Structure formats: C-alpha cells, structure tokens
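Below: the structure, in structure tokens.
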Amino acid sequence: MTRMPRSGAFPGRRARAGASFLAVAVVLAATSVSVDLAVPGIASDAWRDVVSATSVVLEVAAVWAALPLGILLLVTAGTPALWRRWVAVAVAVGLPLAVWFSGAARSPFLILLALAAAVGGYALIAFGLSEHRADARSLPRVRAAVAAAAGAELAVIVLGTLHLLVWNPAAKVPDLPLRQVYETMIDRDGMIDGGPLLWALGATLATVAGSYLALQGARRGLVTPHDTVTGGLLLIHATTFFLWWAGFGLGLTLADTFATSGGDASPVGSILALAGACCLAAAILMQLRRPAATVAPAADQDPGVATSNPDRPGAAAPGSTGATAQVTP
C-alpha cells in the first residue's frame with residue numbers, strides 16, 4: 001500500500017491546521033466588520049466603546065495571528081524546499097500588512113466570504129469529530145461537559161431574550177415605560193412579532209435534545225467529552241447567529257412605530273455575536289488536537305490470557321497458551 005509523499009504540496013495535518021486558521025481568520029474578521037456596522041446605533045457611549053474595543057481585539061487576532069499562521073502552515077506543509085520556506089515567511093509577513101493597511105480587513109465583502117469560511121470550518125469540524133471517534137469514553141466527564149455546555153447555552157438564550165424583548169426596546173425608546181412601548185406597538189399593528197419567543201423556544205428545545213442525546217450516547221460508548229464540548233460550542237454559535245433573525249420583525253415594528261433606526265440600541269446583541277464567532281473559532285481549532293490513544297479497559301480483556309511481560313510474577317512466557325500451572329504443596 002503506497003503512502004502519500006510527505007513532500008507533496010499541502011499534505012498531512014499541517015495543511016489542515018493551516019486551513020483551520022484561515023477559516024478562523026475570516027470568521028473573526030467578518031464578525032468584527034458586522035459588529036462595527038451596528039456599533040453606531042448603540043445608545044450608551046460607554047457600551048459603544050466596550051463593543052468597539054472588543055471588535056478591534058478580534059480583528060487584530062484575525063489579521064495578525066490567525067491569518068499569518070494559517071498561511072505559514074499551508075505553504076510549509078510536508079517537507080518544503082528552502083525557497084518555499086522563504087516564500088512562506090514573506091507571505092506570512094506581507095499579507096497581514098497588505099490586508100490591514102488596504103482596508104480589506106474592514107470591508108463588508110468579508111461578511112459574504114465568512115459564509116464560505118463557516119462552511120469550510122464546519123467541514124473541518126466534521127472531519128475532526130470522525131477522527132476523534134476512537135477517543136476514550138468517560139461518562140462523568142461527558143456529564144460535566146453537558147452541564148457546562150447546557151448552562152452556557154441557556155445563559156445565551158436568557159441574555160438574547162432580554163436583549164430582544166426588554167433592553168433593546170427600552171434603549172430605543174427611553175422616554176416611555178416598557179409597557180407603554182408595547183401597548184403603542186399593539187395599537188398600531190394589532191400584534192407583536194413572535195420571532196424572539198420562537199427563537200428562545202427552538203434554542204431551548206435544541207439544548208434539551210442535544211443534552212439528552214449526548215448523555216445517552218455516552219452511556220453506550222458513542223459520545224466522547226470532545227464531541228460534547230464541540231457540539232456545545234457549535235450550538236452557541238448557531239444560537240447567536242440566528243439572533244438577528246429573531247429580532248428582525250420586532251426591530252422593524254419599533255422603527256416604524258417610533259421613527260427610530262432598525263439597528264440594535266442595546267449592546268448585548270453585538271456582544272453575543274462576538275462570543276458566537278469565538279465559539280465557532282474554538283470548535284474549529286479543537287479539531288487540531290491529536291486523537292487520544294485508546295487502551296482497552298481491563299474488563300474488556302480476556303481474563304484467561306496473561307500478559308506477555310516476563311518480568312511480572314505469574315506472567316506467561318511468549319508462545320505459551322497462557323494456562324496457569326497447578327503447583328502441589
């Protein structure tokens with residue numbers, strides 16, 4: 001059976017690591033761009049500064065860390081010639097400079113490019129999960145991971161619901177009590193858009209179903225802690241991604257009723273978007289860890305077969321049948 005030559009263009013785990021870091025770079029940079037577009041609508045100056053600073057941190061991490069590292073890993077995959085190593089260093093240094101000072105890192109086009117990066121990231125995650133399928137199972141660790149992931153997801157749901165139904169309307173119409181804000185919208189349209197409640201209900205059901213399936217799979221030896229943490233990170237990312245859809249109808253109603261903008265006045269939506277992008281990036285990079293070596297549990301070994309270590313007392317010699325000799329006193 002022939003093996004792929006290590007001197008190929010982009011062979012092995014190094015190439016996959018490079019692709020992973022490039023996907024992370026695009027996802028983080030694009031999220032920073034989308035958040036920057038929403039920052040001017042935030043009502044509080046202090047929160048506007050906090051969100052802007054957090055967005056800049058993600059942008060810097062994407063351009064100056066993930067992007068050059070991904071390029072360097074891709075170009076130096078395999079056993080590269082000396083010229084290819086120098087090219088890798090030159091590109092890894094020059095590309096971030098070009099992206100940063102040309103303004104490409106702040107281009108809205110990145111939002112479209114992020115869709116392709118996210119699809120590629122999910123493909124890398126699927127490949128990583130299949131590779132870690134043989135990791136050692138541990139029911140207590142899976143339970144702890146399920147509890148942590150479910151708790152984080154429920155916190156996101158609570159924050160997102162309060163953002164859509166309480167904090168954002170209150171920040172958009174600060175001169176009226178919240179109850180009067182809803183009464184005015186109902187008088188105008190006759191109803192309130194149910195997107196936020198539908199989003200919260202769907203995310204909660206997904207959390208309960210995912211937790212149950214993870215625990216049942218762990219009991220059957222099919223789910224590992226690595227699977228559980230990865231799934232929890234992806235669920236948080238999906239929940240924060242669809243937050244914009246959940247508040248779209250209510251935001252339009254607020255804008256039409258009170259002649260305000262359609263964006264968020266509360267900073268929580270932008271903060272959750274940044275957190276969701278970080279969760280997706282973490283899920284992608286988690287797949288770069290090498291799978292753990294599996295050791296068969298002692299209960300799974302045949303008790304009639306002795307170990308081949310001749311230094312242990314009672315060990316069978318190599319080539320023997322493993323039967324224990326009877327010794328008469």
Side-chain angles (χ1 to χ4, degrees), residues 27 30-31 34-35 38 111 114-119 121-123 125-126 129 142-172 178 181-182 185-186 189-218 222-223 227-255 262-284 286:
V27 168
T31 305
S34 65
V35 167
I111 298 175
L115 296 176
V119 171
Y122 271 82
I125 290 170
L129 289 177
V142 171
R143 285 174 176 166
V146 166
E153 170 68 5
L154 291 176
V156 169
I157 295 171
V158 170
L159 289 174
T161 303
L162 290 174
H163 162 69
L164 295 175
L165 297 178
V166 179
W167 294 329
N168 198 49
K172 278 182 152 320
L178 186 63
V181 170
Y182 277 101
M185 288 192 294
I186 292 175
D189 291 346
M191 61 178 295
I192 296 295
D193 183 78
L197 295 179
L198 191 61
W199 169 84
L201 178 61
T204 302
L205 292 177
T207 304
V208 173
S211 301
Y212 175 78
L213 292 175
L215 292 174
Q216 291 299 317
L222 301 176
V223 175
D227 300 335
T228 307
V229 174
T230 301
L233 291 171
L234 293 181
L235 185 58
I236 292 176
H237 170 255
T239 303
T240 57
F241 178 79
F242 286 106
L243 184 63
W244 69 270
W245 168 84
F248 184 77
L250 184 59
L252 284 182
T253 303
L254 277 168
D264 285 341
S266 163
V268 178
S270 296
I271 292 174
L272 290 179
L274 294 171
C278 291
C279 286
L280 177 58
I284 293 172
M286 271 188 65

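Keep in mind that what you see is a predicted model, and the values were worked out from it rather than measured.
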Return the [atom1] to [atom2] distance between [X] and [Y], rounded to the nearest 0.5 Å.
X: Met191; Y: Thr253; atom1: CE; atom2: OG1; result: 9.0 Å
X: Leu234; Y: Leu280; atom1: CG; atom2: CG; result: 6.5 Å
X: Leu235; Y: Thr207; atom1: CG; atom2: OG1; result: 4.5 Å

What are the two closest non-hydrogen atoms of [X] and [Y], and how far apart are they?
X: Thr239; Y: Glu153; answer: OG1-OE2, 2.5 Å
X: Ala214; Y: Val146; answer: CB-CG2, 3.7 Å
X: Thr31; Y: Ala277; answer: OG1-CB, 3.3 Å
X: Asp227; Y: Leu222; answer: OD2-O, 4.0 Å
X: Ile284; Y: Gly121; answer: CD1-CA, 3.6 Å

Between side-chain atoms of residues 240-251 and protein atoms elsewhere (two or more places apart, or another chain), which donor-acceptor pairs fall under 3.5 Å?
from   : atom 1 : to     : atom 2 : distance (Å)
Thr240 : OG1    : Ile236 : O      : 3.1
Thr240 : OG1    : His237 : O      : 2.9
Trp244 : NE1    : Phe241 : O      : 2.8

Distance-only check: which donor-acceptor pairs under 3.5 Å involve side-chain atoms of residues 156-171, not counting sequence neighbours?
from   : atom 1 : to     : atom 2 : distance (Å)
Thr161 : OG1    : Ile157 : O      : 2.7
His163 : ND1    : Ser266 : OG     : 3.1
His163 : NE2    : Asp264 : OD2    : 3.2
Asn168 : OD1    : Ala265 : N      : 2.7
Asn168 : OD1    : Ser266 : N      : 3.1

Would Leu254 and Val181 satisfy side-chain contact (heavy atoms from CB on, under 4.5 Å), going step by step from the backbone distance to the final call?
-> CA-CA 9 Å; Leu254 277 168; Val181 170; 3.9 Å; yes
